[in-house]
S.K.: 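Starting off with a structure, shown below.
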Amino acid sequence: MHVLILGGTTEARRLAELLAADATPGIRVTTSLAGRVAAPRLPPGAVRVGGFGGAGGLAAWLDEQGVDALVDATHPFAGTISRNAAKAAADARVPLLALRRPGWVPVAGDVWHEAGSLAEAAELLPSLGRRVFLTTGRLGLAAFAALDDLWFLVRSVEAPEAPVPSRMEVLLDRGPFTLDGERELLRRHRIDVVVTKDSGGAATAPKLTAARAAGLPVVVVRRPPVPAGVRVAATPEQAREWIRNAARAGE
């Protein structure tokens, strides 16, 4: 059984590790990485780097490589890739599972403002603060580029792409982050509002706890929905069980 994992996330790498150590015979794994990160953490098994050329190219690859199951374990905000995966899987008649870590849920003391997009988040900011901790990644900063009255601390794994805010400091770093570290970062830079995507997971959640403790507002950009009809697993362990069942069904 050939399994293709559309990866680039911690969950994708963990699923590849689980399958590599699995006792279920006959499972071969290929992980596909988009190639946007210069030095990605490679999972075990075969690795493919680069795009497929849209849904049609992915469907052709699934057919040519004899893929029996497709797992979309991309970032929760990789909406285009997820839509292409759903169409390609349907066209190639390959079972598809979306592996999505659960989103964050506000708790007592949180001051959250939800936004449907980065543009909506940018519209909210002037009424919430002047010194912004922006943790939405290196792409999409154009939505904030016109906010010349605000100052931004932008944290991302790699350098942001222009256009970017005119008053900005860039912090290149990769999670997981600690609560003490996030508290100190907010204090040192005198942050008064935080912007984040609802990526979920524990690696970057400490910023939410730090913001709550400091009484800071947080603009949370909602994640796009999983394409209609696609089954969802919340953990790599659940995804492994789905693959096991598919392998047994194909015996």
Side-chain angles (χ1 to χ4, degrees), residues 5-18 31-34 36-37 40-41 43 70-83 85-86 96-118 120-121 124 132-140 143 154-158 171 173-179 181-183 185-186 193-213 216-228 230-242:
I5 301 173
L6 302 179
T9 60
T10 301
E11 290 77 17
R13 189 169 61 254
R14 177 59 179 159
L15 176 58
E17 292 169 350
L18 289 172
T31 298
S32 175
L33 303 177
R36 292 177 179 172
V37 177
R41 299 173 182 174
L70 175 62
V71 179
D72 173 15
T74 56
H75 192 277
F77 280 82
T80 300
I81 298 175
S82 294
R83 290 190 295 272
L96 169 64
L97 178 75
L99 174 53
R100 291 288 185 274
R101 70 188 77 144
W104 290 315
V105 178
V107 300
D110 282 326
V111 185
W112 285 14
H113 301 262
E114 290 195 353
S117 65
L118 292 177
E120 286 186 21
L124 290 172
V132 184
F133 182 27
L134 187 58
T135 66
T136 57
R138 68 187 180 93
L139 303 176
V154 176
R155 183 168 68 192
S156 61
V157 176
E158 295 189 338
L171 175 61
D173 203 355
R174 184 199 298 267
F177 302 104
T178 67
L179 178 55
E182 298 293 67
R183 283 174 169 166
L185 184 147
L186 297 179
V193 59
V194 178
V195 182
T196 183
K197 291 178 177 178
D198 180 18
S199 301
T204 59
K207 65 189 170 191
L208 301 176
T209 305
R212 183 189 314 128
L216 301 183
V218 179
V219 179
V220 181
V221 181
R222 295 188 300 271
R223 60 174 63 179
V226 173
V230 176
R231 185 171 179 176
V232 179
T235 67
E237 289 75 16
Q238 291 177 5
R240 176 182 58 180
E241 191 60 28
W242 179 81

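Along the sequence shown, residues carry numbers from 1.
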S.K.: With rounding to the nearest 0.5 angstrom, report the OG1 to CD distance, T235 to E241.
M.R.: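 Those atoms lie 10.0 Å apart.
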
S.K.: So which atom in L124 and which in A115 form the shortest heavy-atom distance, rounded to 0.1 Å?
M.R.: CD1-CB, 4.3 Å

S.K.: About how many Å separate CZ of F77 and CG of L118, when rounded to the nearest 0.5 Å?
M.R.: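 Those atoms lie 8.0 Å apart.
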
S.K.: Given side chains that start at C-beta, do those of L97 and R231 come closer than 4.5 Å, heavy atoms only?
M.R.: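 Yes, close enough: below the 4.5 Å cut-off.
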
S.K.: So T204 and T196, side-chain contact (heavy atoms from CB on, under 4.5 Å) or not? Walk me through it.
M.R.: CA-CA 10 Å; T204 59; T196 183; 5.8 Å; no

S.K.: Does R212 come within less than 4.0 Å of D110, counting only side-chain N to carboxylate O?
M.R.: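 Between D110 and R212 there is a salt bridge, with a charged N closer than 4.0 Å to a carboxylate O.
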
S.K.: Determine whether Q238 and L99 make a side-chain contact, defined as any pair of heavy atoms from C-beta on separated by less than 4.5 Å.
M.R.: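 No; the side chains remain at least 4.5 Å from each other.
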
S.K.: Looking at G201, is its backbone amide N or carbonyl O close enough to the side chain of W104 to form a donor-acceptor pair, meaning the two atoms are under 3.5 Å apart?
M.R.: yes

S.K.: Can you find a pair of side-chain heavy atoms, one from E237 and one from L18, that are under 4.5 Å apart?
M.R.: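 Yes, close enough: below the 4.5 Å cut-off.
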
S.K.: For the residue pair P236 and L15, what are the closest heavy atoms and their distance?
M.R.: O-CD1, 3.6 Å

S.K.: Taking all atoms of both residues into account, what is the closest heavy-atom pair of A12 and G7, and its distance?
M.R.: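 Distance-wise, the nearest heavy atoms are CB-CA, 3.5 Å.
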
S.K.: Of all heavy-atom pairs between G116 and E120, which one has the smallest distance, and what is that distance?
M.R.: N-OE1, 2.7 Å

S.K.: Rounded to the nearest 0.5 Å, what's the gap from NZ on K207 to CG on L179? Could you check?
M.R.: 13.5 Å

S.K.: Does a side-chain heavy-atom distance below 4.5 Å link P76 with D198?
M.R.: no

S.K.: Is any side-chain N of the basic residue among E17 and R14 closer than 4.0 Å to the acidic one's carboxylate O?
M.R.: yes

S.K.: When you compare the side chain of F177 with that of L185, does any pair of heavy atoms fall below 4.5 Å?
M.R.: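 With C-beta onward as the side chain, the pair stays apart.
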
S.K.: Look only at the side chain of T135 and the backbone of R155, and say whether a donor-acceptor pair between them is shorter than 3.5 Å.
M.R.: no

S.K.: When you compare the side chain of S199 with that of R101, does any pair of heavy atoms fall below 4.5 Å?
M.R.: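 Yes, at least one pair of side-chain atoms sits under 4.5 Å.
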
S.K.: What is the minimum heavy-atom distance between P102 and A234, and which atoms define it?
M.R.: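 Answer, listing the atom of P102 first, then A234: CD-O, 3.8 Å.
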
S.K.: Hey, is the main chain of A210 close enough, under 3.5 Å, to the side chain of R183 for a donor-acceptor pair?
M.R.: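 Side chain of R183 to backbone of A210: no pair is present.
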
S.K.: Do F133 and L216 have side-chain heavy atoms sitting under 4.5 Å apart?
M.R.: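 No, their side chains stay 4.5 Å or more apart.
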
S.K.: For R100, enumerate each residue passing the salt bridge (Lys or Arg N to Asp or Glu O under 4.0 Å) test, keeping only those at least two apart in sequence or located in another chain.
M.R.: D72

S.K.: Looking only at non-hydrogen atoms, find the nearest pair between T9 and A73 and report the distance.
M.R.: OG1-O, 2.6 Å

S.K.: Do L208 and W112 make a side-chain contact, defined as non-hydrogen atoms from C-beta onward lying under 4.5 Å apart?
M.R.: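 Yes. Closest side-chain heavy atoms under 4.5 Å.
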
